[in-house]
Amino acid sequence: MSHDALSVPTTSAPPYPTEPRPTPERPVWPRGTTALRFGGDYNPEQWTRETWLEDIELMKRAGVNLVSVGIFNWGLIEPREGEYDFSQLDEIMDLLAGAGIDVDLGTPTASPPAWFWRSYPESRPVTRDGLPLAFGSRGMASPSSPDYRRAAVRVTEQLARRYASHPALAMWHVHNEYGAPVSESYDEHSVRAFRSWLQRRYGTLDGLNTTWGTAFWGQRYQSWDEIDAPRRAATVTNPTQRLDFARFTSDALLECFVAERDIIRRHTPELPVTTNFMATNCPSVDLWRWAREVDVVANDHYLVAERPDNHILLSMDADLTRSIAGGRPWMLMEHSTSAVNWQGRNIAKRPGELKRNSLAHLARGADAVMFFQFRASRSGAEKFHSAMLPHAGTETKVWRAVEELGADLAALSPLRGSTVTSRVAILWDWQSFWAQDLEWRPSVDMQHRERIEAFYTELWQLGVTTDFAHPESDISGYDLVVAPSLYLVSSAAGANLARYVEQGGTLLVSFGSGLVDENEAVHPGGFPGPLRDPLGLSIEELLPFRLGETATLDNGGTADVWADDIILGSAEPVIRFTDGRAEGQPALTRNSFGAGTAWYLSTRPDAGTLRRILEGSLAEAGVAVEAPPAGVETVVRSSEASSWRILLNHNASEVAVEAHGRNALSGERLDGEVTIAAGDVLIVETPKQRG
Ligand code: GLA
């Protein structure tokens with residue numbers, strides 16, 4: 001057979017699918033009330049019937065209208081392979097239905113029971129170092145194990161058939177957090193599935209050899225059977241093989257979701273099916289692809305308790321979730337009322353924080369606010385995790401805050417379905433992260449995530465609501481697009497970004513972008529690949545700094561981590577280095593390209609400089625900025641009838657703001673200066689003019 005390397009498929013055609021699937025016939029929200037959804041995971045299997053009755057009374061008292069049930073009960077409903085016992089779940093479903101509380105019914109496939117592991121030991125996931133993972137914790141089997149897949153769809157079929165017409169059932173929750181704690185598995189089933197995935201992707205071995213660059217270090221393959229998962233080897237493993245294994249893993253997990261989802265859809269076509277994502281916190285699944293497969297996007301978010309800026313990271317996570325949901329309302333499926341148990345120091349939330357966190361998600365598009373979990377567990381690995389109902393019971397600050405939140409959400413029902421708009425987008429690509437996180441990059445200090453957080457933080461401080469976008473998606477609606485250290489830029493993304501600028505957009509690119517293409521190969525002609533034209537420059541050599549090295553800039557600022565040896569084309573220098581390894585070189589350039597402008601920032605500047613650069617590019621893009629008082633977060637949600645300005649005071653002291661409209665929480669009229677107490681939230685509703 002003749003092999004043509006040029007026939008290698010790339011991600012450039014067809015375009016990267018990032019928009020939600022147009023599925024108007026699919027239900028996109030849990031059946032039932034038009035109110036906002038409020039509740040959490042409920043694990044009755046840990047408690048007696050007497051406690052269930054008390055729980056249900058307390059749920060009603062707090063205004064809970066949705067609970068996620070059954071996520072970890074596989075061993076209970078299928079105690080032995082093929083034998084089912086639904087007696088407990090039947091009773092719980094009936095009790096909840098009787099209380100008018102809807103159920104988001106889980107499939108329990110994130111944690112197979114003991115019998116499964118004993119019968120199918122070869123389904124155990126295997127680490128990159130070759131260690132098979134044991135039972136006694138939680139975590140699915142190898143996503144490519146046929147025995148796991150068979151068992152998972154069988155129990156799903158049983159559940160879907162049994163509860164299809166149950167009055168409590170409002171939606172389905174498949175599995176739990178795909179990608180954590182099991183993502184890449186190096187077991188034999190995965191190796192075989194990886195080979196088939198590669199055959200589909202490349203068609204020919206020559207295609208694979210060319211794309212993986214196997215001529216380097218003598219890695220050429222003569223037969224598909226020679227290809228293995230990229231296990232730990234003597235030194236750095238082929239980076240394209242690793243990138244493909246990451247893609248394969250995301251796809252293999254997605255196949256597991258789709259298999260369960262399709263069974264459920266056959267039984268309950270009228271109900272939405274989802275799975276809970278972790279937008280900024282699960283690096284192993286490509287959520288741009290995954291979001292197209294769920295009926296409604298659901299997300300879990302936990303504060304990084306140690307970080308003083310964790311409220312900004314929360315906003316970033318919520319904005320990314322809204323973006324993968326294509327702007328549609330989404331569900332906050334889990335967050336915590338107070339401490340989480342899996343961080344080094346499990347720092348409790350302070351008064352007001354539960355409300356602020358919950359309403360920050362709501363501000364950024366969540367129409368459901370749910371927690372892990374309703375009642376705190378007394379035993380097991382998560383007994384130090386907070387819950388809606390703490391160990392200490394109802395005479396607690398947490399419970400009172402839960403009740404107050406239930407009342408607040410009831411008052412905020414009119415926000416249901418309203419949306420958030422943004423004129424600015426930050427580019428986010430899981431595949432670029434996978435590539436950039438491999439070894440032997442130009443500098444360990446070039447951290448895409450750190451840069452995204454830095455750019456996002458400055459935009460947040462300026463009060464600019466930001467979307468996230470895939471670099472190959474339609475970005476034409478944004479006035480400013482920011483690419484913080486976007487290491488991998490596919491040819492299609494490069495063309496997309498160039499077109500965006502040419503047609504009038506403003507693009508701000510930071511260092512380390514466009515270093516490789518979709519196959520982890522350097523673009524022909526050098527750095528920064530397809531961004532050379534829109535940026536009006538090329539890079540002769542990358543100039544990463546030593547650890548701790550800094551340089552000064554001619555705007556009075558400082559910089560570290562990186563510089564480039566830039567050859568200016570049509571771009572003009574705006575800021576230059578005044579000393580150091582890049583003395584005299586541009587640190588910031590500006591280029592007119594077609595009807596638009598492209599900026600290049602070749603270093604990591606101090607925060608003040610970054611803020612001013614963003615202000616400059618926002619002004620150029622025509623985005624008016626009205627920065628809120630320091631420490632105050634502000635976001636607008638709108639419907640056809642009204643708009644709501646949500647102001648969250650993250651300061652330890654009160655702030656005064658100007659507000660006209662109706663206080664959506666208290667009903668009070670606002671007309672002039674209003675004080676927001678320390679740590680509190682103000683939501684100002686303004687009806688839209690009609691006619
Ligand atoms: C995740 C899981 C939950 C629970 C929480 C604890 O989000 O989905 O089951 O373990 O973490 O924070």
Side-chain angles (χ1 to χ4, degrees), residues 39-47 66-76 103-113 133 136-140 171-183 253 256-257 260 274-285 287 290 294 296-307 310 313-314 317-318 320-321 330-349 353-354 357-358 361 366 368-391 398 402:
D41 283 19
Y42 184 45
N43 296 305
E45 54 278 4
Q46 298 173 16
W47 304 101
L66 186 68
V67 285
S68 303
V69 174
I71 297 171
F72 292 108
N73 71 358
W74 195 344
L76 185 81
V103 171
D104 167 33
L105 189 57
T107 69
T109 53
S111 192
L133 300 177
S137 173
R138 81 189 215 199
M140 67 189 281
M171 67 177 292
W172 289 93
H173 180 299
V174 169
H175 200 91
N176 192 63
E177 296 183 340
Y178 277 101
V182 171
S183 55
L253 289 164
C256 294
F257 168 75
E260 291 189 36
T274 195
T275 184
N276 44 344
F277 297 155
M278 292 172 285
T280 58
N281 292 315
C282 185
S284 57
V285 288
L287 293 181
W290 277 69
V294 296
V296 52
V297 164
N299 192 52
D300 298 350
H301 180 263
Y302 290 94
L303 285 188
V304 184
E306 291 273 14
R307 281 188 56 168
N310 58 29
L313 301 182
L314 179 158
D317 193 85
L320 178 61
T321 306
W330 53 277
M331 303 182 74
L332 175 63
M333 192 57 96
E334 291 178 27
H335 72 315
S336 72
T337 56
S338 189
V340 295
N341 68 283
W342 42 264
Q343 299 180 14
R345 292 174 192 82
N346 298 302
I347 295 165
K349 292 188 182 176
E353 207 172 349
L354 181 161
N357 292 165
S358 299
H361 285 288
V369 177
M370 315 267 289
F371 293 91
F372 175 82
Q373 59 180 329
F374 183 73
R375 180 184 279 269
S377 301
R378 286 193 55 217
S379 308
E382 298 193 313
K383 55 184 165 293
F384 297 118
H385 201 288
S386 58
M388 297 170 84
L389 181 62
H391 292 298
V398 167
V402 164

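Counting starts at 1 for both ligands and their atoms, following the listed order. Numbers here are sequence positions counted from 1.
Among residues two or more places apart in sequence or in another chain, the side-chain contact (heavy atoms from CB on, under 4.5 Å) test is passed with Ser386 by Ser336, Thr337, Ser338. With sequence neighbours left out, the side-chain contact (heavy atoms from CB on, under 4.5 Å) criterion links Leu76 to Glu45, Asn73, Gln88. With sequence neighbours excluded, no residue satisfies salt bridge (Lys or Arg N to Asp or Glu O under 4.0 Å) with Arg378.
Checking Lys349 against Asn357 by side-chain atom types alone, a donor-acceptor pair falls below 3.5 Å.
Around ligand 1, the residues contributing at least one heavy atom under 4.0 Å from the ligand are Phe72, Arg138, Asn176, Glu177, Asp300, Tyr302, Glu334, Trp342, Phe372, Glu382, His385.
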List the steps and the verdict of ring-ring contact (aromatic ring centres under 6.0 Å, His included) for His385 and Phe372.
CA-CA 9 Å; His385 201 288; Phe372 175 82; 5.0 Å; yes

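Partner Asn299 forms a side-chain hydrogen bond (donor to acceptor under 3.5 Å, both in side chains) with one of Thr274, Asn276, Asp317 and no other, that one being Asp317.
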